[in-house]
Amino acid sequence: MSPEIKLEDAFQARIDDEQKIEPKDWMPEKYRKTHIRQISQHAHSEIVGMLPEGNWITRAPSLRRKVGLLAKVQDEAGHGLYLYSAAETLGISRDELFDQLHTGKAKYSSIFNYPTLSWADIGAIGWLVDGAAIINQVMLTRTSYGPYARAMVRICKEESFHQRQGYEIMLTLCQGTPEQKAMAQDALNRFWWPSLMMFGPRDAESPNTEQSVKWKIKRKTNDELRQQFIDITAPQAEYLGITIPDPDLKWNEERGHYDFGEINWDEFWQVVKGNGPCNKERLQARVDAWENGAWVREAAVAYGNKKEKESIKVKTA
Ligand SMILES: [Fe+2]
Ligand SMILES: [Fe+2]
C-alpha cells in the first residue's frame, strides 16, 4: 500500500468516526479544493446577496422595517467575512478569492441574479431565499470541515431571524389591502421557482454529490433538501392565503410529502451561465466596490506599517 493510500484510508476513517478535519490536518487535495470552491462560493453568495436587498434600504416603508432590513443586510456581510476566513484556512488568500469572483471564475448563488421589483420582494426573499438557505446550512453545521461547520452554527441563528422578518413582511402585506396582498402574490410568483433552483440540479445530474456525501461535506442530497423545503413552505403559503404558482403542487398521503411540478432547468442553466436578468449588474457592482475601495485598503496598510515602525522605535529606545 502506498503511503498516500494509507493516509487517505486514515482520513476517511476519521470522517466515518464523525471527527472534524482541522486546517493543519492532512487532507486529500480534492477535499481541500472542493472546500475552497464550496466555501468561497458560499461567501460570494452572502456578499452578492446584499445587493438585491440593499436596493430597498432607502425605500423601506417604515423606520421599523428599515432597521430590520439594515440589520439583515449587515448580517449577510458578516456571514461573508466568516466564510472568507474559513476559506483562507485552506491556504488561499482573500485577494485570490475576490479575484475569482470579479473575473467570473467563481460562482455565487443564482438567486441573486433576479431583480427586486417591489417591497414585497424583500418579504419573499427573507421567507423563501433565507428559508431555503437555512435548510442547506443547518445540514452544514455538521459538515466534516471544522472551521466551516463552526461558522455555520452562528450563521444559522442569524438566518432564522432573516426568515422570520421576511415572513412577517409577507403576513402584514397579506392582511393588508387587496393591492398589498396582490403585491405579496406577485413576489411569490417570481421567487418560488428560483428558490427551488437554489438547491442545485437534480441528484441524477449532480456528479459531485456522491463524493460530497462520502466526505460528509453534504449529508443530504439536493433533491432531499428541496423536498424538505417544499414540505415546510407549502403550509406557510396556505396560512398567508396566497397561492404557490405550481398547479401540480399537492400533498401526497402515500409518500408523506408534497408532489410538485417540473422545474425549468433551462432557465437554471441560463442564469448559472451568466444570462440571468441581473448577472452583469451584480458583478459590476462588486467590481466597482472593490475598485472604489482601493484607497481604504491602501490607507489601512499604510497606517498598519506606521504603527509597526512606531512600536519598533519604542522597543529599541
Ligand atoms: Fe447569510
Ligand atoms: Fe440571510
Side-chain angles (χ1 to χ4, degrees), residues 35 37-57 60 64-88 94 97-98 101 106-116 119-143 145 147-171 187-188 190-192 194-200 217-218 225-226 228-229 232-233 236 278 282 285-286 289:
H35 267 95
R37 199 190 60 230
Q38 187 176 325
I39 301 173
S40 65
Q41 195 166 308
H42 193 162
H44 299 324
S45 301
E46 301 283 354
I47 299 297
V48 177
M50 296 164 74
L51 297 170
E53 291 182 290
N55 181 33
W56 279 90
I57 290 174
R64 180 170 170 263
R65 291 298 187 208
K66 190 195 279 261
V67 169
L69 183 58
L70 258 178
K72 178 193 192 285
V73 173
Q74 284 178 349
D75 284 351
E76 306 300 7
H79 299 173
L81 296 181
Y82 306 147
L83 289 164
Y84 283 126
S85 299
E88 282 175 310
R94 190 84 57 114
L97 293 168
F98 283 136
L101 174 66
K107 299 272 176 241
Y108 54 85
S109 178
S110 281
I111 191 79
F112 303 118
N113 290 316
Y114 290 86
T116 42
W119 171 251
D121 289 8
I122 300 306
I125 287 178
W127 174 36
L128 301 172
V129 176
D130 291 85
I134 293 171
I135 303 260
N136 201 29
Q137 291 173 356
V138 165
M139 169 187 77
L140 289 172
T141 60
R142 298 192 299 129
T143 192
Y145 188 56
Y148 193 24
R150 289 189 290 272
M152 278 304 133
V153 173
R154 176 146 177 203
I155 289 177
C156 279
K157 287 182 190 160
E158 293 174 346
E159 292 302 351
S160 61
F161 152 66
H162 300 168
Q163 197 270 352
R164 285 163 76 170
Q165 65 89 40
Y167 193 71
E168 202 224 350
I169 291 172
M170 293 302 273
L171 193 59
L188 172 60
R190 284 180 290 104
F191 277 94
W192 175 252
S195 299
L196 298 191
M197 294 175 198
M198 283 175 69
F199 297 97
I217 297 174
K218 285 176 88 123
L225 294 166
R226 186 164 19 240
Q228 196 184 334
F229 173 72
I232 292 174
T233 312
Q236 294 174 343
C278 301
R282 300 290 185 239
R286 290 311 314 156

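Note that this is a predicted model, so its numbers are computed, not measured. Note that ligands are numbered from 1 as they come in the structure, with each ligand's atoms numbered from 1 the same way.
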* To do: Considering just N/O/S atoms, say which atom of His162 is closest to the Fe ion (ligand 2).
  => ND1
* To do: If the plane angle is over 60° it's perpendicular, under 30° parallel, otherwise tilted; pick one for Tyr148 and His35.
  =>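 It falls in the perpendicular class, over 60°.
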* Short check: any N/O/S atom of Glu159 below 2.8 Å from the Fe ion (ligand 2)? -> yes
* Do any of the N/O/S atoms of Asp130, backbone or side chain, fall under 2.8 Å from the Fe ion (ligand 2)? ->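 Given the 2.8 Å cut-off, Asp130 counts as a ligand of the Fe ion (ligand 2).
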* Determine, step by step, whether Arg64 and Val67 satisfy the side-chain contact (heavy atoms from CB on, under 4.5 Å) criterion, reporting the C-alpha distance in whole Å, the side-chain angles of both residues, the deciding distance to 0.1 Å, and the verdict. => CA-CA 5 Å; Arg64 180 170 170 263; Val67 169; 5.9 Å; no
* To do: Give a yes or no on this: more than 12 heavy atoms of other residues, nucleotides or ligands lie within 6.0 Å of atom CZ of Arg164.
  => no
* Asked: Around Arg94, counting heavy atoms of other residues, nucleotides and ligands shown, do more than 12 lie under 6.0 Å from its CZ?
  ->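 Counting neighbours around CZ of Arg94, more than 12 heavy atoms of other residues, nucleotides or ligands fall under 6.0 Å, so yes.
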* Looking only at N, O or S atoms, find the one in Glu46 nearest to the Fe ion (ligand 1) and name it. =>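 Nearest N/O/S atom of Glu46: OE1.
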* Backbone or side chain, does Glu76 get an N/O/S atom under 2.8 Å to the Fe ion (ligand 1)? ->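 Within the cut-off used here (under 2.8 Å), Glu76 does place an N, O or S atom near the Fe ion (ligand 1).
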* Can an N, O or S atom be found in His79 less than 2.8 Å away from the Fe ion (ligand 1)? ->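 Within the cut-off used here (under 2.8 Å), His79 does place an N, O or S atom near the Fe ion (ligand 1).
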* **Donor-acceptor under 3.5 Å (Thr116 side chain, Asp121 main chain)** => no
